[in-house]
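Quick notes on the structure that follows.
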Amino acid sequence: MKVSENLSIIKQRIEESAHRSGRQAEDVKIIAVTKYVTTARAQEAVEAGILHLGENRAEGLNEKYETIGEKATWHFIGSMQTRKVKSIIHQAGYIHSLDRESLAKEISSRAQRAVQCFVQVNVSGEESKHGMVPEEVIPFIESLHKYENIRVCGLMTMAPLTEDQDILRACFRKLALLRNEVRALNLSYAPCNELSMGMSNDFEIAVEEGATMIRIGTALVGE
């Protein structure tokens, strides 16, 4: 299917999910995860009206950026190696995988502007998942005040790969509650208004639980 056709279906599902939870569909941004598709397919997504593209490898981001450039806002959504920061720092508008101080230090020193960062949280506790345990998040964010180019815009998580909606909902709800705790600290460098959660298989539940950015790959641009 064309990306535009997939997008229409996804927007309808977002609208229904938002309506069920008393939210506005406009409050949810769609990030097209283009890591498994060609630059041409990513370009098709932009032409369909997608404003945000997500990549999990520096090489993939740079390859597509060469063609698409600033027609889209770029999100680095993969686990970030410190040595790779320099190769994406000027292209990526958002980094979704801040999970340690050494990475914050490298981002801040390489950046020429404040970088919008999501702190990645391993809410599910799965060993296969990256991210901080929830109890570490607030002390970590409080320690970031010394890095002038770090702006904590929100929290990010990956839910377990399961069809059990209760497990998914609990995961997303826990992240939302943690986000609210951070936001209540009123830190100028960490407004923490965003929630990056939900993918092709679970985004409707994520929207119901407060997601402001959903990362959609397969259902939107295919494999």
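Basis for what follows: all heavy atoms, side chains included, without hydrogens, waters or symmetry-related copies. Everything numeric in this text was worked out from a predicted model, so none of it was measured.
The side-chain heavy atoms of Glu16 and Gln12, taken from C-beta on, include a pair separated by under 4.5 Å. In this structure, Tyr65 and Glu70 have side chains that are in contact, with non-hydrogen atoms separated by less than 4.5 Å. When side chains are defined from C-beta on, Thr82 counts as touching Arg100, because their heavy atoms get closer than 4.5 Å. Annotation: side chain of Thr67 is in contact with side chain of Gln43 (closest heavy-atom distance under 4.5 Å). At least one side-chain heavy atom of Ile30 sits under 4.5 Å from a side-chain heavy atom of Ile50. Within the 4.5 Å cutoff, the side chain of Met1 has heavy atoms near those of the Ile9 side chain. Within the 4.5 Å cutoff, the side chain of Leu51 has no heavy atoms near those of the Thr73 side chain.
At a threshold of 4.5 Å between side-chain heavy atoms, the hydrophobic network of Ile, Leu, Val, Met, Phe, Trp and Tyr places Leu155 and Ile95 in one connected group.
Formation of a donor-acceptor pair under 3.5 Å by the Arg179 side chain with backbone atoms of Asn193 is found in this model. Side-chain atoms of Ser87 come within 3.5 Å of backbone atoms of Lys84 as a donor-acceptor pair (strictly under, hydrogens ignored). Checked by atom type and distance alone, the side chain of Ser108 never pairs as donor or acceptor with a backbone atom of Ala104 at under 3.5 Å. The backbone N or O of Val3 sits less than 3.5 Å from a side-chain atom of Glu44, completing a donor-acceptor pair. Remark: the backbone N or O of Ala184 is not paired with any side-chain donor or acceptor of Asn180 at under 3.5 angstrom. A donor-acceptor distance shorter than 3.5 angstrom exists from the side chain of Tyr189 to the backbone of Glu142, with no hydrogens or angles considered. Formation of a donor-acceptor pair under 3.5 Å by the Ser97 side chain with backbone atoms of Gly78 is found in this model. No donor-acceptor distance shorter than 3.5 angstrom exists from the side chain of Arg169 to the backbone of Glu208, with no hydrogens or angles considered.
Across every non-hydrogen atom of Trp74 and Gly69, the tightest pair is NE1-O, 2.7 Å. Nearest approach of Leu7 to Ala48, heavy atoms of both residues: CD2-O, 3.5 Å. The nearest pair of heavy atoms linking Ile14 to Val28 is CG2-CB, 4.1 Å. Across Lys129 and Ser124, no two heavy atoms sit closer than the pair CG-OG, 4.1 Å. For the pair Ala206 and Gly198, the tightest heavy-atom approach, listed with the atom from each and the gap, is CB-CA, 3.5 Å. The two residues Pro160 and Glu126 have their closest heavy-atom pair at CA-OE1, 3.4 Å.
Residue-environment remark: CG (Leu185) exceeds the threshold of 12 foreign heavy atoms within 6.0 Å. Counting heavy-atom neighbours within 6.0 Å of His90 NE2, excluding the residue itself, gives a total above 12. At most 12 heavy atoms of other shown residues, nucleotides or ligands fall within 6.0 angstrom of atom CD in Gln165. No more than 12 heavy atoms of other residues, nucleotides or ligands sit less than 6.0 Å from atom NE2 of His130. Under a cut-off of 6.0 angstrom, the local environment of CD in Glu148 is sparse, with at most 12 non-hydrogen atoms contributed by other residues, nucleotides or ligands. Within a 6.0 Å radius of CD in Glu5, more than 12 heavy atoms belonging to other residues, nucleotides or ligands are found.
With 3.5 Å as the limit, one finds a donor-acceptor pair spanning the side chains of Glu55 and Thr34.
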> Going through the checks in order, is the salt bridge (charged side-chain N to carboxylate O under 4.0 Å, His left out) test met by Glu47 and Lys2?
Replying inline: CA-CA 11 Å; Glu47 289 166 0; Lys2 293 181 179 178; over 6 Å; no
>> Could you go through Leu98 and Leu144, starting from their C-alpha distance and side-chain angles, then the distance that decides it, and tell me whether this counts as side-chain contact (heavy atoms from CB on, under 4.5 Å)?
In response: CA-CA 11 Å; Leu98 178 58; Leu144 297 177; 4.0 Å; yes
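Atom OG of Ser17 sits about 10.0 Å away from atom CZ of Arg23, to the nearest 0.5 Å. The distance from atom OG1 of Thr38 to atom CD of Glu63, rounded to the nearest 0.5 Å, is 9.0 Å. Interatomic distance, Met132 CE to Asn122 CG, rounded to the nearest 0.5 Å: 11.0 Å. The structure places CD of Glu106 at 9.5 Å from CE of Met80, a figure rounded to the nearest 0.5 Å. Between atom CD1 of residue Ile150 and atom CD1 of residue Ile107 there is a gap of 4.5 Å, rounded to the nearest 0.5 Å. Note that CG of Asn149 and CZ of Arg151 are 12.0 Å apart. Values are rounded to the nearest 0.5 Å.
The existence of a salt bridge linking Glu101 and Lys146 is confirmed by a sub-4.0 Å separation between a basic side-chain nitrogen and an acidic carboxylate oxygen.
Aromatic ring pairs are classed by plane angle as parallel below 30°, tilted from 30° to 60° and perpendicular above 60°; the pair Tyr94 and His52 is perpendicular.
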Atom pairs and distances, donor-acceptor, side-chain atoms in residues 212-223, under 3.5 Å, two or more places apart:
from   : atom 1 : to     : atom 2 : distance (Å)
Thr212 : OG1    : Glu194 : OE1    : 2.5
Thr212 : OG1    : Leu195 : N      : 2.9
Thr212 : OG1    : Leu195 : O      : 3.4
Arg215 : NH1    : Ser196 : O      : 3.0
Arg215 : NH1    : Ser196 : OG     : 2.9
Arg215 : NH2    : Thr157 : O      : 3.0

